[in-house]
Amino acid sequence: MRFTLSTVLVALAVLSEASATMMSPRPQHANLARRITRKKRCIARHGSGNNPIANVASSPSSSSAAPPPPAAQTPNNQNNGNNNNNNNHNNNPPPPSNNNNNNYNGGGITTAPPNECGFGAVPYPTQDSGPNGNIEYLNCGVRGGGWNPPQITLQNVVCKPFDEVVNMPGNPFGGCSQYAWMFIAASQETGVPSTLLASIAMQESSCQPWVTGRAGEVGMMQLTGEKCPDGYPNERCYDAQTNIAIGARYLRSEIDRAGGNLLLATGFYNGWFQGLTIDAANNKPSCGQRNNLDYLQFVFNGYCQGVDPSSLGMGTFRNVC
(Lines give C-alpha, C1' and ligand atoms only; values in the text may rest on other atoms or scores of the structure.)
Protein backbone atom coordinates (compact mmCIF):
# COMPACT_ATOMS: atom_id res chain seq x y z
CA MET A 1 0.00 0.00 0.00
CA ARG A 2 1.21 3.36 -0.95
CA PHE A 3 0.98 6.26 1.42
CA THR A 4 1.02 9.70 0.11
CA LEU A 5 2.64 12.43 2.03
CA SER A 6 -0.66 14.01 2.83
CA THR A 7 -2.04 10.77 4.23
CA VAL A 8 0.93 10.35 6.53
CA LEU A 9 0.61 13.89 7.83
CA VAL A 10 -3.08 13.44 8.62
CA ALA A 11 -2.37 10.22 10.50
CA LEU A 12 0.35 11.82 12.57
CA ALA A 13 -1.96 14.68 13.48
CA VAL A 14 -4.65 12.28 14.72
CA LEU A 15 -2.17 10.29 16.84
CA SER A 16 -0.81 13.44 18.42
CA GLU A 17 -4.27 14.65 19.42
CA ALA A 18 -5.17 11.29 20.99
CA SER A 19 -1.94 11.18 22.96
CA ALA A 20 -2.53 14.66 24.32
CA THR A 21 -6.03 13.72 25.44
CA MET A 22 -4.87 10.59 27.29
CA MET A 23 -2.13 12.47 29.18
CA SER A 24 -4.30 15.39 30.36
CA PRO A 25 -5.13 15.61 34.21
CA ARG A 26 -8.42 14.30 35.66
CA PRO A 27 -11.18 16.83 35.91
CA GLN A 28 -11.30 18.52 39.35
CA HIS A 29 -14.74 17.14 40.26
CA ALA A 30 -13.56 13.56 39.66
CA ASN A 31 -10.61 14.01 42.05
CA LEU A 32 -12.90 15.51 44.74
CA ALA A 33 -15.28 12.56 44.53
CA ARG A 34 -12.38 10.18 45.01
CA ARG A 35 -11.15 12.02 48.15
CA ILE A 36 -14.65 11.94 49.72
CA THR A 37 -14.94 8.19 49.14
CA ARG A 38 -11.57 7.61 50.85
CA LYS A 39 -12.62 9.80 53.83
CA LYS A 40 -15.81 7.81 54.36
CA ARG A 41 -13.89 4.53 54.32
CA CYS A 42 -11.45 5.89 56.93
CA ILE A 43 -14.26 7.09 59.21
CA ALA A 44 -16.04 3.76 58.95
CA ARG A 45 -12.88 1.94 60.01
CA HIS A 46 -11.62 4.17 62.83
CA GLY A 47 -14.36 6.55 63.86
CA SER A 48 -13.91 10.27 64.42
CA GLY A 49 -13.99 12.24 67.67
CA ASN A 50 -15.67 15.09 65.79
CA ASN A 51 -18.37 12.98 64.19
CA PRO A 52 -21.23 11.84 66.48
CA ILE A 53 -22.48 9.36 63.94
CA ALA A 54 -19.04 7.77 63.72
CA ASN A 55 -18.85 7.58 67.52
CA VAL A 56 -22.19 5.77 67.77
CA ALA A 57 -21.19 3.38 65.03
CA SER A 58 -17.99 2.49 66.85
CA SER A 59 -19.60 1.96 70.34
CA PRO A 60 -20.35 -1.59 71.60
CA SER A 61 -23.73 -3.04 70.76
CA SER A 62 -26.43 -3.20 73.45
CA SER A 63 -26.08 -6.97 73.63
CA SER A 64 -22.50 -6.69 74.87
CA ALA A 65 -22.89 -3.59 77.03
CA ALA A 66 -23.14 -3.93 80.83
CA PRO A 67 -26.79 -3.87 82.04
CA PRO A 68 -27.99 -0.68 83.73
CA PRO A 69 -28.04 -0.67 87.55
CA PRO A 70 -31.38 -1.72 89.09
CA ALA A 71 -33.76 1.02 90.15
CA ALA A 72 -33.63 1.93 93.83
CA GLN A 73 -36.27 0.11 95.87
CA THR A 74 -38.27 1.61 98.72
CA PRO A 75 -37.85 -0.36 101.93
CA ASN A 76 -40.94 -2.26 103.07
CA ASN A 77 -42.97 -1.13 105.80
CA GLN A 78 -43.24 -3.35 112.02
CA ASN A 79 -34.47 -6.73 123.64
CA ASN A 80 -36.19 -7.65 126.40
CA GLY A 81 -39.41 -7.08 128.27
CA ASN A 82 -39.54 -3.79 130.13
CA ASN A 83 -42.54 -3.40 132.36
CA ASN A 84 -41.51 -0.04 133.75
CA ASN A 85 -40.65 2.17 130.81
CA ASN A 86 -40.55 5.85 131.82
CA ASN A 87 -40.53 7.57 128.42
CA ASN A 88 -42.67 10.66 128.12
CA HIS A 89 -46.23 9.98 127.03
CA ASN A 90 -47.54 11.51 123.82
CA ASN A 91 -51.30 11.61 123.45
CA ASN A 92 -51.07 11.68 119.67
CA PRO A 93 -48.21 9.38 118.65
CA PRO A 94 -47.24 9.36 114.97
CA PRO A 95 -47.09 6.18 112.93
CA PRO A 96 -44.00 4.15 113.84
CA SER A 97 -40.72 5.28 112.35
CA ASN A 98 -38.60 3.03 110.16
CA ASN A 99 -36.09 2.76 113.02
CA ASN A 100 -38.50 0.90 115.25
CA ASN A 101 -40.83 -0.77 112.79
CA ASN A 102 -38.90 -1.09 109.58
CA ASN A 103 -40.04 -4.67 109.12
CA TYR A 104 -43.59 -4.32 110.45
CA ASN A 105 -46.24 -5.41 107.94
CA GLY A 106 -49.71 -4.43 109.09
CA GLY A 107 -52.00 -7.42 109.47
CA GLY A 108 -55.17 -5.35 109.67
CA ILE A 109 -57.12 -4.63 112.84
CA THR A 110 -59.29 -6.74 115.09
CA THR A 111 -62.89 -7.27 114.16
CA ALA A 112 -63.94 -7.17 117.81
CA PRO A 113 -66.80 -4.70 118.36
CA PRO A 114 -66.28 -1.25 119.93
CA ASN A 115 -67.42 -0.63 123.49
CA GLU A 116 -68.28 2.39 125.61
CA CYS A 117 -64.57 3.22 125.83
CA GLY A 118 -64.25 3.49 122.05
CA PHE A 119 -62.01 1.37 119.85
CA GLY A 120 -59.10 3.28 118.33
CA ALA A 121 -57.44 0.34 116.58
CA VAL A 122 -54.78 1.17 114.00
CA PRO A 123 -52.91 -1.31 111.77
CA TYR A 124 -49.51 -0.62 113.36
CA PRO A 125 -48.28 -0.44 116.97
CA THR A 126 -48.08 2.96 118.64
CA GLN A 127 -47.46 4.16 122.16
CA ASP A 128 -51.05 3.68 123.26
CA SER A 129 -52.75 1.73 120.47
CA GLY A 130 -52.29 -0.90 117.79
CA PRO A 131 -54.12 -3.57 115.77
CA ASN A 132 -56.07 -4.79 118.81
CA GLY A 133 -57.46 -1.39 119.85
CA ASN A 134 -56.14 1.41 122.02
CA ILE A 135 -55.25 0.98 125.67
CA GLU A 136 -58.44 2.63 126.93
CA TYR A 137 -60.42 0.09 124.91
CA LEU A 138 -58.41 -2.86 126.27
CA ASN A 139 -58.62 -1.53 129.85
CA CYS A 140 -62.19 -0.31 129.55
CA GLY A 141 -63.66 0.54 132.96
CA VAL A 142 -60.53 0.64 135.14
CA ARG A 143 -60.83 4.42 135.47
CA GLY A 144 -64.41 4.18 136.61
CA GLY A 145 -66.73 1.41 137.70
CA GLY A 146 -64.35 -1.46 137.01
CA TRP A 147 -62.68 -3.37 134.20
CA ASN A 148 -65.05 -4.77 131.59
CA PRO A 149 -62.93 -5.82 128.61
CA PRO A 150 -64.13 -6.05 125.00
CA GLN A 151 -64.79 -9.40 123.41
CA ILE A 152 -61.42 -10.12 121.84
CA THR A 153 -61.12 -13.85 121.17
CA LEU A 154 -58.75 -16.34 119.60
CA GLN A 155 -60.73 -15.87 116.39
CA ASN A 156 -60.46 -12.07 116.10
CA VAL A 157 -57.22 -11.23 117.88
CA VAL A 158 -54.45 -9.84 115.63
CA CYS A 159 -51.21 -11.62 116.48
CA LYS A 160 -48.39 -12.22 113.99
CA PRO A 161 -47.35 -15.84 113.33
CA PHE A 162 -44.43 -16.91 115.49
CA ASP A 163 -42.30 -18.08 112.58
CA GLU A 164 -42.70 -14.61 111.10
CA VAL A 165 -41.86 -12.53 114.17
CA VAL A 166 -38.80 -14.56 115.17
CA ASN A 167 -37.31 -13.93 111.72
CA MET A 168 -37.91 -10.18 111.76
CA PRO A 169 -34.64 -8.24 112.16
CA GLY A 170 -34.62 -6.52 115.54
CA ASN A 171 -37.55 -8.53 116.87
CA PRO A 172 -37.86 -8.70 120.67
CA PHE A 173 -37.84 -12.50 120.89
CA GLY A 174 -34.10 -13.07 120.84
CA GLY A 175 -34.19 -14.54 124.35
CA CYS A 176 -36.98 -16.91 123.35
CA SER A 177 -35.48 -18.26 120.13
CA GLN A 178 -33.84 -21.30 121.69
CA TYR A 179 -37.19 -22.27 123.21
CA ALA A 180 -39.20 -21.72 120.02
CA TRP A 181 -40.06 -25.39 119.56
CA MET A 182 -41.40 -25.53 123.13
CA PHE A 183 -43.82 -22.66 122.48
CA ILE A 184 -44.90 -24.32 119.23
CA ALA A 185 -45.48 -27.65 120.98
CA ALA A 186 -47.50 -25.95 123.75
CA SER A 187 -49.53 -24.10 121.13
CA GLN A 188 -50.30 -27.31 119.28
CA GLU A 189 -51.50 -28.88 122.53
CA THR A 190 -53.67 -25.99 123.74
CA GLY A 191 -54.69 -24.02 120.66
CA VAL A 192 -53.21 -20.81 122.13
CA PRO A 193 -51.04 -19.01 119.53
CA SER A 194 -47.34 -19.61 120.08
CA THR A 195 -46.66 -15.89 119.57
CA LEU A 196 -49.04 -15.06 122.43
CA LEU A 197 -47.37 -17.61 124.71
CA ALA A 198 -43.91 -16.20 123.87
CA SER A 199 -45.26 -12.65 124.35
CA ILE A 200 -46.41 -13.49 127.87
CA ALA A 201 -43.04 -15.12 128.58
CA MET A 202 -41.29 -11.95 127.38
CA GLN A 203 -43.53 -9.75 129.49
CA GLU A 204 -43.23 -11.94 132.57
CA SER A 205 -39.55 -12.89 132.54
CA SER A 206 -37.87 -11.78 129.28
CA CYS A 207 -37.83 -15.53 128.50
CA GLN A 208 -35.41 -16.28 131.34
CA PRO A 209 -36.20 -19.73 132.82
CA TRP A 210 -34.58 -19.28 136.23
CA VAL A 211 -36.34 -16.06 137.26
CA THR A 212 -38.17 -15.84 140.56
CA GLY A 213 -40.76 -13.08 140.86
CA ARG A 214 -41.14 -10.64 143.76
CA ALA A 215 -44.09 -12.62 145.07
CA GLY A 216 -42.34 -15.95 144.50
CA GLU A 217 -43.58 -16.61 140.95
CA VAL A 218 -41.57 -19.31 139.21
CA GLY A 219 -39.71 -19.42 135.94
CA MET A 220 -40.27 -18.21 132.42
CA MET A 221 -44.07 -18.04 132.60
CA GLN A 222 -43.99 -16.82 136.24
CA LEU A 223 -46.22 -19.54 137.66
CA THR A 224 -47.55 -19.33 141.20
CA GLY A 225 -46.35 -22.18 143.37
CA GLU A 226 -49.57 -24.21 143.42
CA LYS A 227 -49.41 -24.62 139.63
CA CYS A 228 -45.99 -26.27 139.77
CA PRO A 229 -45.49 -30.06 139.72
CA ASP A 230 -46.13 -31.43 143.20
CA GLY A 231 -47.90 -28.17 144.06
CA TYR A 232 -44.93 -26.10 145.18
CA PRO A 233 -41.94 -24.28 143.62
CA ASN A 234 -39.23 -26.77 142.75
CA GLU A 235 -36.52 -27.43 140.22
CA ARG A 236 -38.91 -29.16 137.85
CA CYS A 237 -41.05 -26.05 137.76
CA TYR A 238 -38.08 -23.99 136.50
CA ASP A 239 -37.50 -26.38 133.60
CA ALA A 240 -38.35 -24.34 130.49
CA GLN A 241 -40.40 -26.98 128.69
CA THR A 242 -42.36 -27.87 131.80
CA ASN A 243 -42.92 -24.23 132.73
CA ILE A 244 -44.13 -23.24 129.26
CA ALA A 245 -46.46 -26.23 129.03
CA ILE A 246 -48.03 -25.51 132.43
CA GLY A 247 -48.40 -21.82 131.62
CA ALA A 248 -50.07 -22.60 128.27
CA ARG A 249 -52.51 -25.05 129.87
CA TYR A 250 -53.36 -22.56 132.58
CA LEU A 251 -54.03 -19.78 130.05
CA ARG A 252 -56.19 -22.16 128.02
CA SER A 253 -58.24 -22.99 131.11
CA GLU A 254 -58.69 -19.27 131.82
CA ILE A 255 -59.86 -18.67 128.22
CA ASP A 256 -62.47 -21.36 128.68
CA ARG A 257 -63.50 -19.95 132.08
CA ALA A 258 -63.84 -16.49 130.50
CA GLY A 259 -66.21 -17.81 127.83
CA GLY A 260 -63.62 -17.39 125.09
CA ASN A 261 -62.72 -13.78 126.01
CA LEU A 262 -58.96 -13.72 125.45
CA LEU A 263 -58.43 -10.32 127.09
CA LEU A 264 -60.28 -11.35 130.22
CA ALA A 265 -58.28 -14.59 130.41
CA THR A 266 -54.94 -12.81 129.91
CA GLY A 267 -55.90 -10.32 132.62
CA PHE A 268 -56.69 -13.25 134.92
CA TYR A 269 -53.22 -14.64 134.14
CA ASN A 270 -51.71 -11.39 135.44
CA GLY A 271 -53.89 -11.34 138.55
CA TRP A 272 -56.56 -9.00 137.22
CA PHE A 273 -60.24 -9.60 137.85
CA GLN A 274 -63.39 -8.36 136.20
CA GLY A 275 -64.24 -5.07 137.88
CA LEU A 276 -60.58 -4.15 138.58
CA THR A 277 -60.00 -0.42 139.12
CA ILE A 278 -56.86 1.68 139.24
CA ASP A 279 -57.14 1.93 143.02
CA ALA A 280 -57.48 -1.84 143.38
CA ALA A 281 -54.55 -2.48 141.02
CA ASN A 282 -52.32 -0.18 143.06
CA ASN A 283 -53.46 -1.35 146.50
CA LYS A 284 -50.57 -3.77 147.03
CA PRO A 285 -47.77 -3.98 149.60
CA SER A 286 -45.20 -2.67 147.09
CA CYS A 287 -45.23 -1.07 143.67
CA GLY A 288 -43.59 -4.18 142.25
CA GLN A 289 -46.60 -6.28 143.24
CA ARG A 290 -49.20 -4.08 141.61
CA ASN A 291 -51.25 -5.24 138.65
CA ASN A 292 -49.48 -3.72 135.66
CA LEU A 293 -52.23 -1.73 133.93
CA ASP A 294 -50.15 -1.43 130.74
CA TYR A 295 -49.87 -5.24 130.53
CA LEU A 296 -52.49 -5.82 127.83
CA GLN A 297 -51.10 -3.03 125.65
CA PHE A 298 -47.58 -4.47 125.93
CA VAL A 299 -48.69 -8.03 125.10
CA PHE A 300 -51.32 -7.52 122.39
CA ASN A 301 -50.11 -4.40 120.60
CA GLY A 302 -46.40 -4.83 121.33
CA TYR A 303 -44.96 -8.32 121.50
CA CYS A 304 -47.76 -9.97 119.52
CA GLN A 305 -46.87 -7.64 116.64
CA GLY A 306 -43.15 -8.43 116.85
CA VAL A 307 -42.37 -5.07 118.49
CA ASP A 308 -40.58 -4.38 121.77
CA PRO A 309 -42.95 -2.13 123.77
CA SER A 310 -40.04 -0.12 125.16
CA SER A 311 -38.98 0.84 121.62
CA LEU A 312 -42.18 2.87 121.30
CA GLY A 313 -42.39 4.01 124.91
CA MET A 314 -45.63 2.06 125.21
CA GLY A 315 -47.90 2.59 128.16
CA THR A 316 -50.21 5.11 129.76
CA PHE A 317 -50.68 4.06 133.38
CA ARG A 318 -47.07 3.29 134.35
CA ASN A 319 -48.15 2.14 137.76
CA VAL A 320 -45.47 -0.45 138.54
CA CYS A 321 -41.83 -0.13 139.48
Student: Quick one: OH on Tyr137 to CD1 on Ile135, what's the gap to the nearest 0.5 Å?
Tutor: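 Separation between the atoms: 14.0 Å.
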Student: Between the side chains of Tyr269 and Gln222, does any donor sit under 3.5 Å from an acceptor?
Tutor: no
Student: Taking only residues two or more places apart in sequence or in another chain, which ones pass disulfide bond (SG atoms under 2.5 Å apart) with Cys304?
Tutor: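 Per chain and number, Cys304 pairs via disulfide bond (SG atoms under 2.5 Å apart) with no residue.
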Student: To the nearest 0.5 angstrom, please state how far the CG atom of Leu223 sits from the OH atom of Tyr238.
Tutor: 10.0 Å
Student: About how many Å separate CZ of Phe300 and CD1 of Ile152, when rounded to the nearest 0.5 Å?
Tutor: 7.0 Å
Student: Compute whether any side-chain donor of one residue and acceptor of the other, for Ser311 and Asp308, lie under 3.5 angstrom apart.
Tutor: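 Ser311 vs Asp308: no donor-acceptor pair found between side chains.
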Student: With rounding to the nearest 0.5 angstrom, report the CG to CZ distance, Leu154 to Arg252.
Tutor: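 The distance works out to 5.5 Å.
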Student: Who pairs with Ala280 by side-chain contact (heavy atoms from CB on, under 4.5 Å), at least two apart in sequence or on another chain?
Tutor: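 Ala280 satisfies side-chain contact (heavy atoms from CB on, under 4.5 Å) with Phe273, Leu276, Thr277 once adjacent residues are dropped.
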Student: Among all residues two or more places apart in sequence or in another chain, which pass the side chain to side chain donor-acceptor pair (under 3.5 Å) test with Asn134?
Tutor: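 With sequence neighbours excluded, Asn134 shows a side chain to side chain donor-acceptor pair (under 3.5 Å) to no residue whatsoever.
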Student: How is the hydrophobic cluster of Tyr232 composed, in terms of its other members, when Ile, Leu, Val, Met, Phe, Trp and Tyr link through side-chain heavy atoms under 4.5 Å apart, directly or indirectly?
Tutor: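 Members other than Tyr232 - counting any ILVMFWY side chain reachable under 4.5 Å - there are none.
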Student: Which residues pass the side chain to side chain donor-acceptor pair (under 3.5 Å) test with Trp272, sequence neighbours left out?
Tutor: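 With neighbours one apart ignored, the set is Asn270.
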Student: Distance from Leu138 atom CG to Trp147 atom CH2, nearest 0.5 Å?
Tutor: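 One gets 9.5 Å once the value is rounded to the nearest 0.5 Å.
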Student: Could you give me the CA-CA distance, side-chain angles and deciding distance for Gln208 and Ser205, then say whether side-chain hydrogen bond (donor to acceptor under 3.5 Å, both in side chains) is met?
Tutor: CA-CA 5 Å; Gln208 299 178 67; Ser205 68; over 6 Å; no
Student: What pairs meet the side chain to side chain donor-acceptor pair (under 3.5 Å) rule with one or both residues in residues 177-199, with sequence neighbours excluded?
Tutor: Glu189-Arg249
Student: So does Glu226 have more than 12 non-hydrogen atoms from other groups sitting under 6.0 Å from CD?
Tutor: yes
